[in-house]
Amino acid sequence: MAIYIKTDEPQELLDELKGLINKGKIDTWSYDSDGDFTHSAKQWANQAWFRPKVEEKQIVFGILGNKETTMTKQLYGLYHGRFIEMMLTHFDKKMKSIWPTVMKSTYDIFS
């Protein structure tokens, strides 16, 4: 259930994402001191996080579960869908492609 983003400049894209959050231009997502992203809507905040891994020509966002929240299909579906929507809205010209995996991947950490 990771999100793969193909891009020529993965670190630059990640830095721009954080910059728009810092400026308040993206207000539905936040990130913590570890660099992990969570949905900032009160109902969904801190129920899961996306941890970015910058690789050559891509960023992979693995989902991290909250130890006190069960990772349900609704939760990972919502997180993946809304994160992809936000990336398409703000960074469509910076990405070559974006897609989620449908099953747990090696980038994901939850039970």
Side-chain angles (χ1 to χ4, degrees):
M1 293 173 268
I3 296 174
Y4 287 80
I5 298 175
K6 293 285 186 189
T7 180
D8 288 332
E9 301 290 338
Q11 187 61 56
E12 181 180 306
L13 178 58
L14 185 59
D15 292 344
E16 286 184 40
L17 170 58
K18 290 178 179 179
L20 288 182
I21 290 170
N22 292 342
K23 292 176 185 174
K25 294 187 182 218
I26 296 175
D27 60 1
T28 55
W29 291 89
S30 62
Y31 65 95
D32 60 22
S33 60
D34 293 325
D36 300 331
F37 295 85
T38 190
H39 201 293
S40 56
K42 189 175 183 177
Q43 179 183 5
W44 302 109
N46 300 317
Q47 291 194 30
W49 295 264
F50 282 116
R51 176 163 291 164
K53 179 157 176 51
V54 174
E55 298 179 343
E56 186 176 342
K57 302 290 183 186
Q58 72 178 7
I59 308 170
V60 182
F61 289 88
I63 196 163
L64 308 176
N66 183 323
K67 294 176 186 172
E68 298 163 9
T69 304
T70 301
M71 182 63 68
T72 64
K73 288 181 182 184
Q74 178 190 20
L75 183 60
Y76 74 70
L78 181 125
Y79 262 72
H80 283 74
R82 293 203 177 153
F83 194 83
I84 290 170
E85 174 188 36
M86 177 271 300
M87 291 300 293
L88 289 170
T89 299
H90 295 281
F91 302 105
D92 59 329
K93 292 183 171 49
K94 300 267 182 181
M95 301 181 297
K96 293 184 175 197
S97 60
I98 182 170
W99 73 94
T101 60
V102 295
M103 301 303 285
K104 189 174 183 179
S105 76
T106 58
Y107 295 95
D108 302 314
I109 302 171
F110 65 88
S111 53

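Computation of the quantities below employed the complete heavy-atom set of this structure, encompassing side-chain atoms and omitting hydrogens, waters and symmetry-equivalent molecules. What you see is a predicted model, and the numbers here were worked out from it, not measured in a lab. Residue numbers count from 1 along this sequence.
In this view, Ser40 satisfies the side chain to side chain donor-acceptor pair (under 3.5 Å) rule with no residue, not counting sequence neighbours. Among residues two or more places apart in sequence or in another chain, the side chain to side chain donor-acceptor pair (under 3.5 Å) test is passed with Lys96 by Asp8. The salt bridge (Lys or Arg N to Asp or Glu O under 4.0 Å) test applied to Glu9 returns no partner, not counting sequence neighbours.
No continuous path of ILVMFWY side-chain contacts below 4.5 Å connects Leu17 to Leu64, so the two sit in separate hydrophobic clusters. Grouping the Ile, Leu, Val, Met, Phe, Trp and Tyr side chains by contacts below 4.5 angstrom, directly or via other members, places Met1 with Phe83. Cluster membership check: Ile26 shares its hydrophobic cluster with Leu78, using side-chain heavy-atom separations under 4.5 Å among Ile, Leu, Val, Met, Phe, Trp and Tyr. Residues Leu13 and Val54 fall within the same hydrophobic cluster, defined by Ile, Leu, Val, Met, Phe, Trp and Tyr side chains chained together at heavy-atom separations under 4.5 Å.
Using a 4.5 Å cut-off on side-chain heavy atoms (C-beta onward), Thr7 and Ser97 make no contact. In this structure, Ile84 and Trp99 have side chains that are not in contact, with every pair of non-hydrogen atoms separated by 4.5 Å or more. For the pair Leu20/Phe91, a side-chain contact is recorded, criterion being any heavy-atom separation below 4.5 Å from C-beta on. Two residues are said to be in side-chain contact when any heavy atoms from C-beta on lie closer than 4.5 Å; Ile21 and Phe37 meet this criterion. Inter-residue side-chain proximity for Trp29 and His39 is flagged as met; some heavy-atom pair is nearer than 4.5 Å. Within the 4.5 Å cutoff, the side chain of Ile3 has no heavy atoms near those of the Tyr107 side chain.
In this structure, CD1 on Ile98 lies 11.0 Å from CD on Glu85, to the nearest 0.5 angstrom. Distance check: Ile63 CD1 to Trp49 CH2 gives 10.0 Å after rounding to the nearest 0.5 Å. The structure places OH of Tyr4 at 11.0 Å from NZ of Lys53, a figure rounded to the nearest 0.5 Å.
The shortest non-hydrogen separation linking Asn66 to Asn46 is ND2-O, 2.7 Å. Of all the heavy atoms in Ala2 and Val60, the pair that sits closest is CB-CG1, 3.9 Å. Taking each heavy atom of Tyr76 and Val102 in turn, the nearest pair found is OH-O, 4.3 Å. The shortest heavy-atom contact between Leu75 and Thr72 is N-OG1, 3.0 Å. The shortest non-hydrogen separation linking Gln47 to Gln43 is NE2-O, 2.7 Å.
Sparse packing is recorded around NZ of Lys94, with 12 or fewer heavy atoms of other residues, nucleotides or ligands lying under 6.0 Å away. Counting heavy-atom neighbours within 6.0 Å of Glu55 CD, excluding the residue itself, gives a total above 12.
Between the side chain of Thr38 and the main chain of Ala48, a donor-acceptor pair closer than 3.5 Å is present. A distance-only check finds no donor-acceptor pair linking the side chain of Lys18 to the backbone of Gly35 [under 3.5 Å].
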Does the pair Leu88 and Met95 meet the rule for a side-chain contact (heavy atoms from CB on, under 4.5 Å), with working shown?
CA-CA 8 Å; Leu88 289 170; Met95 301 181 297; 3.9 Å; yes

Mind running ring-ring contact (aromatic ring centres under 6.0 Å, His included) on Tyr79 and Trp44 for me, showing each step along the way?
CA-CA 8 Å; Tyr79 262 72; Trp44 302 109; 7.2 Å; no

When you look at Arg82 and Thr28, which way does the side-chain contact (heavy atoms from CB on, under 4.5 Å) test go after all the steps?
CA-CA 9 Å; Arg82 293 203 177 153; Thr28 55; over 6 Å; no

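Between Phe50 and His80, the ring centre distance stays below 6.0 Å.
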